Novice: 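Handing you this structure, nothing more for now.
Computed from a prediction, not measured in an experiment: that's the story for all the values here. Below, read A as the first sequence line, B as the second, and so on, with proteins coming before strands; counting in each chain starts at 1.
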Amino acid sequence: MIKGKIIDHTSLIIMIFSYIIIWMLKTSFPEYSQMLTLLLYYIAIAQAYNIFLGMTGYVDFGYVSYFGLGLYGMALGVSYASQNNLSSSEAIILGMILSVILAGSVAGVVGGIALRLRGAFFAIATIGLSQALRYLIEGAKIWGGAEGIIIAKDLRKLFGEEGFSYATIILPDTGIFILAVATGIIMYLIRISRLGYGLLAIKEDEDAAKVFGVNTTLYKFVAFIISAVLTSLVGSMWTLKVTAIYPPESFNITFSVEFIVIVMLGGGGTVLGPLIGASIYSLSKYYLGVYLPGLQLTVFSIILLLIVLLFRQGIVGELRSFLYKHEIVRKIIR
Amino acid sequence: MSSSQTSGKIFTPLTITLIIIMLVIGFVGGYYASAVSRPSAPAITYTYSVPYTSVATQTLYIERTIYQTLLTSPPATTPTTPKPTTPPPTLPSEIVIGMAVPLTGSQGEVGTAGFNGIKAAIKWVNERYGGVHLFGKTIPLRLVYYDDESSKDKVVQYTERLITVDKVHFLLSSYSSPLVFAQAPIAEKYNMLLINWGGASDLIHLQGYKMIVMVWTPASLYMTQAIDALLSVKKDPKIVLIYKDDEFNRMVAGGVRNYSKKLGLQIVYDKAYPTDIKDFTPYLTSIAPLKADALIVGSHFADGQLLTRQLADQEIDFGFIAMNIAPCYTDYYKAFGNLAEGIICPSHWEVGASYTPEIASKLGVEWFGPTEEEFVALYREIVKDPTARPPYHAASGAAAVLILVKAIEKAQSLDPMAVRKVLGEMHLITFFGEYKIDPVTGIQIAHKMILVQWQKGNLVVVWPPEVAKSKLVFPIPTWAEKKAGKQATP
Amino acid sequence: MDPGLIIFLFLQGLVLGSIYGIVAVGLSLIFGIARIINLSHGALIMWGAYTALTFFVGYNLSPLGSLFIAIVVGLSLGASIFYLVLRRLIGAHELTTLLATFALSIFLEEIARLNYGLDYRGFSWSLGVVKIFDYRLTYSSILAGVIALSTVIILTLFLYKTRIGSALRGVAQDPVGAYICGIDVNKIYALGIGIGFGLAMMSGVIITMYNPTGINPYLGAPYLLKSFVIVVLGGLGSIIGAYVGGIIFGLAEVVLFPLYDYLHFHSPMSMTLFTEFVILLILLLIRPYGLFRR
Amino acid sequence: MLSIKKLESGYGSMQVLWGVDVEVGERRIVSILGPNGAGKTTLLNTVMGFIKPWSGRILYQNIDITKTPPHKKVELGINIVPEGRRLFPQMSVRENLLLGAYNKRSREKIEDTLELIYNLFPILKERKDQPAGTLSGGEQQMLAIARTLMTRPKIMLLDEPSQGIAPKVVDSIMNVLDRLRDEEKITILLVEQNIMAALEHSDHVYIMDQGRIIVEGDAKEIVSKIPDYLRAFIGL
């Protein structure tokens with residue numbers, strides 16, 4: 001009885017063990033801590049995006065907007081707090097709240113308008129959003145316009161001289177770790193809940209799902225908002241690391257594509273997929289950059305192509321459907 | 001789809017337990033990590049404080065500080081002396097310099113140029129100069145580098161790898177302001193000296209970083225020489241200013257705006273354009289009726305070339321056209337031929353405008369490094385092209401290496417703090433020009449921009465008069481004349 | 001505002017829009033036929049521009065000649081990419097092909113970088129200017145616009161008046177139905193993707209006719225972005241829609257700019273682009289599948 | 001004319017057909033009947049090559065066509081009227097028909113075939129310039145059969161031609177099938193849920209369940225052979 005239950009949750013356990021291992025590596029090998037943080041950052045974003053993209057099969061090319069709004073939320077929060085002499089913890093909390101509000105409300109509007117579209121139409125229609133945001137910020141000169149927001153000095157003021165590297169390295173690193181864990185768990189919970197089955201039904205056949213009584217509009221909308229808000233939180237932590245943000249980079253469409261690639265590499269809609277996808281993506285890029293500086297992207301593109309040809313549904317997805325006959329596998333690999 | 005094996009409920013006792021365990025591990029681990037890696041009290045403290053300003057007033061503030069720093073000598077608040085460093089018992093067999101540099105991506109071209117310049121300078125130090133003179137020995141330099149793909153993620157990763165895995169002694173910066181911004185906190189965390197040869201934004205140095213030292217002129221002073229040059233030939237000119245809406249060119253434009261205001265000049269048109277512009281015609285139709293005397297453009301490569309093309313097509317003439325970056329490259333003349341005649345480019349350095357040991361001794365400042373001829377020859381060896389013409393980015397990168405070497409020798413130490421202190425006080429001339437920084441912010445205050453102009457198919461130094469090789473042509477031939485084959489002859 | 005300026009801006013907008021249109025057509029075609037979102041479209045545009053540059057500098061061949069070279073190269077490249085890679089992915093989820101074309105775009109960009117370096121190249125090719133009141137329009141840009149328009153017309157005639165054209169449309173509407181008609185669907189996919197690639201490379205050449213400068217390996221990315229938006233505006237998969245979408249964008253750029261300039265915005269072009277995207281979002285509210293999609 | 005031997009196939013890792021044997025004689029109407037999910041459509045799609053067979057052989061006029069791609073089969077003279085009709089909705093009726101005459105063999109006889117079709121289905125002539133997507137269900141089914149006829153098949157597979165169509169129209173379609181066999185010498189393999197209509201027009205009948213052939217026999221005597229548990233499912 002108990003054994004059966006634990007086996008049902010194997011993928012959660014595998015996931016949590018991976019997180020623990022990454023964290024242990026990070027604390028015992030400080031020289032690799034930035035590399036591992038970046039890995040966690042990719043995992044967190046991939047898990048967050050997976051909730052929407054992986055589960056529903058809807059691709060959002062403008063997804064980077066929510067990341068960008070997260071960046072801006074934190075930057076605004078920190079600079080506001082520093083102007084008004086708030087404390088450092090108030091600044092961070094304010095920044096996170098702003099990120100969530102900005103991303104949540106924009107995602108609400110976009111979800112309301114664009115989620116009526118299907119498939120590629122949705123994917124491409126959403127491109128407009130990130131670009132509109134970018135040009136609005138630049139053209140109307142809101143939030144510092146093209147000058148961006150530079151918060152290094154504000155952080156120095158809020159956290160003090162000694163606290164600066166705490167604020168720009170340890171705090172965001174820990175935050176990204178916690179977010180990676182949290183997004184993973186949320187993804188898992190959604191996957192095994194009614195919401196998750198509904199979303200997967202939408203991915204299989206939206207009209208059929210509707211016929212079977214799934215409130216498709218609501219389900220998609222909820223997944224979209226959750227996903228956007230989690231991404232914005234990752235963005236808000238990332239701001240603390242880069243300390244200077246500019247509109248063209250914050251809303252760069254390449255990031256959307258990068259996120260999609262990571263999710264799809266591992267396998268959309270699977271719990272372990274983003275973990276695998278992010279590891280392959282970030283580690284292969286990192287080590288190719290170390291050993292083949294200047295040629296890394298050429299080699300990377302060929303590797304990517306091979307993976308696509310060998311694992312059409314992503315690595316975890318392909319394993320899962322290859323071993324689908326075995327019930328154990330179906331339970332372990334989610 | 002198979003029916004659900006697990007119940008629909010999310011919060012079974014098992015999942016709740018797992019979440020709690022996870023969160024406990026996360027928080028305890030996070031606390032533990034932060035307690036372990038929180039830096040102990042920094043080795044040196046600085047006594048200055050940067051007055052705080054909001055985002056909205058940041059611009060104003062920066063310009064004010066820069067000009068204060070530059071025009072009136074700042075109150076000398078030098079860092080307190082670090083602990084005297086005793087010579088280490090065993091010297092390393094080589095001094096390792098690390099660098100994450102964009103060899104690909106949007107900054108790839110310039111990053112590569114700077115990278116080759118740095119390699120040339122290291123070659124000079126190791127082969128001609130014999131290595132770094134430390135405690136009576138000579139120690140060679142070694143460069144460790146990674147390609148950061150012009151990406152902030154990568155630059156952060158690799159900067160840390162350089163410090164922690166490769167254990168470099170000193171860091172050279174990446175190229176472009178956003179990338180330097182991203183790597184600065186990492187260098188600062190490890191108290192690692194970062195020689196900034198590639199981020200021109202003044203703002204980098206106004207964030208309170210202690211370990212960043214700038215080699216070249218900050219962006220806000222890029223075009224001020226151009227205005228001086230313009231005033232020398234034309235009284236009370238009407239100026240049109242358009243600039244790319246990015247960090248660097250915004251600083252450039254801010255400098256122009258402030259300097260003109262100070263001199264009481266008239267800017268008749270002042271607009272930005274977005275970074276990925278594909279057509280300038282709307283701007284040109286607004287500019288054409290103004291009949292201005294001078295056009296000052298804050299641009300990069302593609303946009304600078306596009307603007308020149310469309311100016312020529314529309315035949316909108318100015319007596320004076322100064323443009324950033326694009327015209328400084330030979331590709332510009334290859335693309336436009338005779339149409340490039342007379343276009344002016346502000347530059348940190350050009351072949352033919354170099355400082356020499358004679359100039360140094362005339363100014364009473366110490367000289368260090370290769371002469372221009374030596375440097376160009378080494379650069380050509382590195383890029384394996386006997387006719388290559390190093391751009392100023394290459395020279396700036398090279399200067400960063402030379403300045404660092406001189407500072408190590410003066411400090412007789414490999415301790416970043418000690419070297420940083422020397423860098424704050426050092427006054428030096430290399431082939432790249434003068435070096436002296438504001439000791440507190442690390443911003444460059446002595447290096448001067450020069451102006452180069454395309455004359456008869458060559459880039460000729462025309463300003464400042466001390467190093468000029470030819471007279472400034474003003475007014476330059478009109479587009480129609482240039483199309484007919486007329487060249488800019490002084 | 002004087003009437004000459006208005007006429008000039010209108011013509012300029014038409015030329016520019018025509019170029020935006022042709023840039024987007026290839027993307028729309030490939031999506032329409034094979035349901036593939038071709039992320040390597042931008043890289044192909046860049047290769048088209050390099051083709052024009054190489055042949056102009058190396059053999060003094062005018063871009064008009066390079067046009068045909070670009071089409072042939074694109075066609076064969078597209079067909080071979082289809083047989084090598086995409087054929088295995090046709091049945092899979094749309095996203096899988098997205099990944100493949102993304103990898104392809106990186107690969108193409110890297111090959112260009114290794115071959116040409118990252119310099120911003122350019123060449124001078126001028127046919128003189130035509131004067132419209134006080135303003136000038138270059139013949140080469142007018143030519144670019146006209147070639148773009150005639151390409152769209154020829155393509156439309158090909159699709160609607162020839163046997164292979166209707167096979168292409170048939171495969172686009174229902175591949176199984178096409179099999180039943182005895183059409184070798186794989187061959188038609190290869191042809192469609194080849195034409196799409198050819199159009200992308202050709203539009204790269206057309207871009208150099210309008211502006212023969214600033215050619216570097218990352219040239220294509222902004223065009224890819226713009227074509228995405230234009231394609232949605234016109235209706236994904238519709239050739240005429242893509243072209244008309246381009247014209248709308250081109251006109252909007254020259255019409256809105258003076259307005260924002262007059263209102264003293266700090267960067268009028270940014271506001272113009274912002275407005276274009278807002279127009280797109282509003283349009284999607286009214287017609288979710290674009291202007292020209294039934 | 002067409003013989004299917006020990007055919008197995010399925011989707012992904014799910015097996016649907018478990019060794020199916022079917023023989024279709026020349027100028028006959030052969031029906032395959034069975035409940036929903038018996039694998040009838042999968043069988044037809046495997047024969048056409050839309051689904052890859054896992055094992056077994058398909059012979060057509062004693063040529064092995066197991067691995068022949070669908071468009072080659074069309075050239076050989078096997079064709080299908082598929083489930084869901086698979087018309088080109090944005091093209092006109094005429095364009096749909098002309099596209100049916102894509103391959104060389106049928107292009108030569110294009111005028112004759114058109115005449116035959118307008119003779120069989122006069123309504124299509126009236127609607128010839130209307131987009132196929134705007135036709136009624138029955139008319140679409142007629143167009144689907146007509147388009148397949150345009151390819152000049154020698155054997156025609158029909159997947160539930162009566163689905164979603166008014167009973168009166170079903171009759172006329174079935175009569176057309178009879179005419180095709182008698183006048184045009186076309187062999188027909190029919191998959192149906194509408195048992196009564198199928199039995200009335202077939203020469204030979206197979207009953208299929210869970211991916212296997214249960215019984216076969218002459219149309220007149222088959223009814224008595226059907227196991228009881230299946231009768232309710234197929235509506236007898």
Novice: Which one wins on heavy-atom pair count under 4.5 Å against chain C: B:Pro282, B:Ala302, B:Ala113?
Specialist: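 The option with the most such pairs is B:Pro282.
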
Novice: Is a side-chain donor-acceptor pair under 3.5 Å present for B:Asp385 with B:Thr387?
Specialist: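 The criterion, which ignores hydrogens and geometry beyond distance, is satisfied for B:Asp385 and B:Thr387.
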
Novice: Does the distance from a Lys or Arg side-chain N to an Asp or Glu carboxylate O, for B:Glu350 and B:Arg389, drop under 4.0 Å?
Specialist: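 B:Arg389 and B:Glu350: salt-bridged.
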
Novice: With chain B as the partner, which of C:Tyr135, C:Phe8, C:Tyr262, C:Tyr223 has the greatest number of non-hydrogen pairs under 4.5 Å?
Specialist: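 Among the listed options, the one with the most contacts to chain B is C:Tyr223.
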
Novice: What's the shortest heavy-atom distance between C:Ser40 and C:Leu108, and which atoms?
Specialist: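 Looks like CB-CD1, 4.5 Å.
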
Novice: Please step through side-chain hydrogen bond (donor to acceptor under 3.5 Å, both in side chains) for the pair C:Gln12 and B:Thr281, ending with a clear verdict.
Specialist: CA-CA 8 Å; C:Gln12 169 75 16; B:Thr281 318; 2.8 Å; yes

Novice: Tell me whether the centres of the aromatic rings in B:Phe115 and B:Tyr145 are closer together than 6.0 Å.
Specialist: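 B:Phe115 vs B:Tyr145: aromatic centres under 6.0 Å.
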
Novice: For C:Thr101 and C:Asn38, test the side chains for any donor-to-acceptor distance below 3.5 angstrom and give the result as yes or no.
Specialist: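 On atom types as modelled, these side chains do not qualify, holding no pair under 3.5 Å.
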
Novice: Show the numbers, then the answer: is there a side-chain contact (heavy atoms from CB on, under 4.5 Å) between C:Leu64 and C:Ile147?
Specialist: CA-CA 9 Å; C:Leu64 283 172; C:Ile147 289 176; 3.5 Å; yes

Novice: Highest number of heavy-atom pairs under 4.5 Å with chain B: which of C:Ile19, C:Asn216, C:Thr138?
Specialist: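 Looking at each of C:Ile19, C:Asn216, C:Thr138 in turn, C:Thr138 comes out on top.
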
Novice: Using the ring of each side chain (for Trp, its six-membered ring), is B:Trp454 parallel, tilted or perpendicular to B:Tyr333, with breaks at 30° and 60°?
Specialist: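 Judged by the thresholds at 30° and 60°, the geometry between B:Trp454 and B:Tyr333 is tilted.
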
Novice: Between B:His300 and B:Phe248, is the ring centroid distance below 6.0 Å?
Specialist: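 Yes.
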
Novice: May I ask you to name which of B:Asp276, B:Leu103, B:Leu306 has the most heavy-atom pairs under 4.5 Å with chain C?
Specialist: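 Most heavy-atom pairs under 4.5 Å with chain C: B:Leu306.
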
Novice: Under 3.5 Å, is there a donor-acceptor pair between the B:Asp246 and B:Thr275 side chains?
Specialist: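 Looking only at side-chain atoms, B:Thr275 and B:Asp246 do not form any donor-acceptor pair under 3.5 Å.
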
Novice: Determine, step by step, whether B:Tyr332 and B:Phe301 satisfy the ring pair (Phe, Tyr, Trp, His ring centres under 6.0 Å) criterion, reporting the C-alpha distance in whole Å, the side-chain angles of both residues, the deciding distance to 0.1 Å, and the verdict.
Specialist: CA-CA 9 Å; B:Tyr332 188 77; B:Phe301 291 97; over 10 Å; no

Novice: Which of parallel (below 30°), tilted (30 to 60°) and perpendicular (above 60°) describes C:Phe249 and C:Phe277?
Specialist: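 Perpendicular, since the angle between the ring planes exceeds 60°.
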
Novice: Examine whether an atom of C:Arg113 lies under 4.5 Å from a heavy atom of chain B, and if so say whether it belongs to the side chain, the backbone or both; otherwise answer neither.
Specialist: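 Just its side chain gets close to chain B.
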
Novice: Anything in residues 202-214 of chain C with a heavy-atom distance to chain B below 4.5 Å? Please list those residues in order.
Specialist: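 Those residues of residues 202-214 of chain C which have a heavy atom under 4.5 Å from chain B are C:Tyr210, C:Asn211, C:Pro212, C:Thr213, C:Gly214.
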
Novice: Among residues 265-275 of chain C, which residues come closer than 4.5 Å to chain B, judged by heavy atom distances?
Specialist: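 So the qualifying residues are C:Phe265, C:His266, C:Ser267, C:Pro268, C:Met269, C:Ser270, C:Leu273.
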
Novice: Out of B:Gln314, B:Gln310, B:Lys334, which one racks up the most heavy-atom pairs below 4.5 Å with chain C?
Specialist: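 Of B:Gln314, B:Gln310, B:Lys334, B:Gln314 has the most heavy-atom pairs under 4.5 Å with chain C.
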
Novice: Under a 3.5 Å cutoff, is there a donor and acceptor pairing between the side chains of B:Ser299 and B:Asn324?
Specialist: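 B:Ser299 vs B:Asn324: no donor-acceptor pair found between side chains.
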
Novice: Measuring heavy-atom distances to chain B, does C:Tyr20 have an atom under 4.5 Å in its side chain, in its backbone, in both, or in neither?
Specialist: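 C:Tyr20 touches chain B through side-chain heavy atoms alone.
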
Novice: Give the member of B:Asp245, B:Asp279, B:Leu339 that has the highest number of heavy-atom pairs under 4.5 Å with chain C.
Specialist: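 Heavy-atom pair counts peak at B:Asp279.
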
Novice: Using heavy-atom distances under 4.5 Å, tell me whether B:Tyr329 contacts chain C through its side chain, its backbone, both, or neither.
Specialist: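 No part of it gets close to chain C.
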
Novice: Is it true that the NZ or CZ of B:Lys271 lies under 6.0 Å from the centre of B:Tyr269's six-membered ring and within 45 degrees of the ring axis?
Specialist: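 Yes, cation above the ring, under 6.0 Å and within 45°.
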
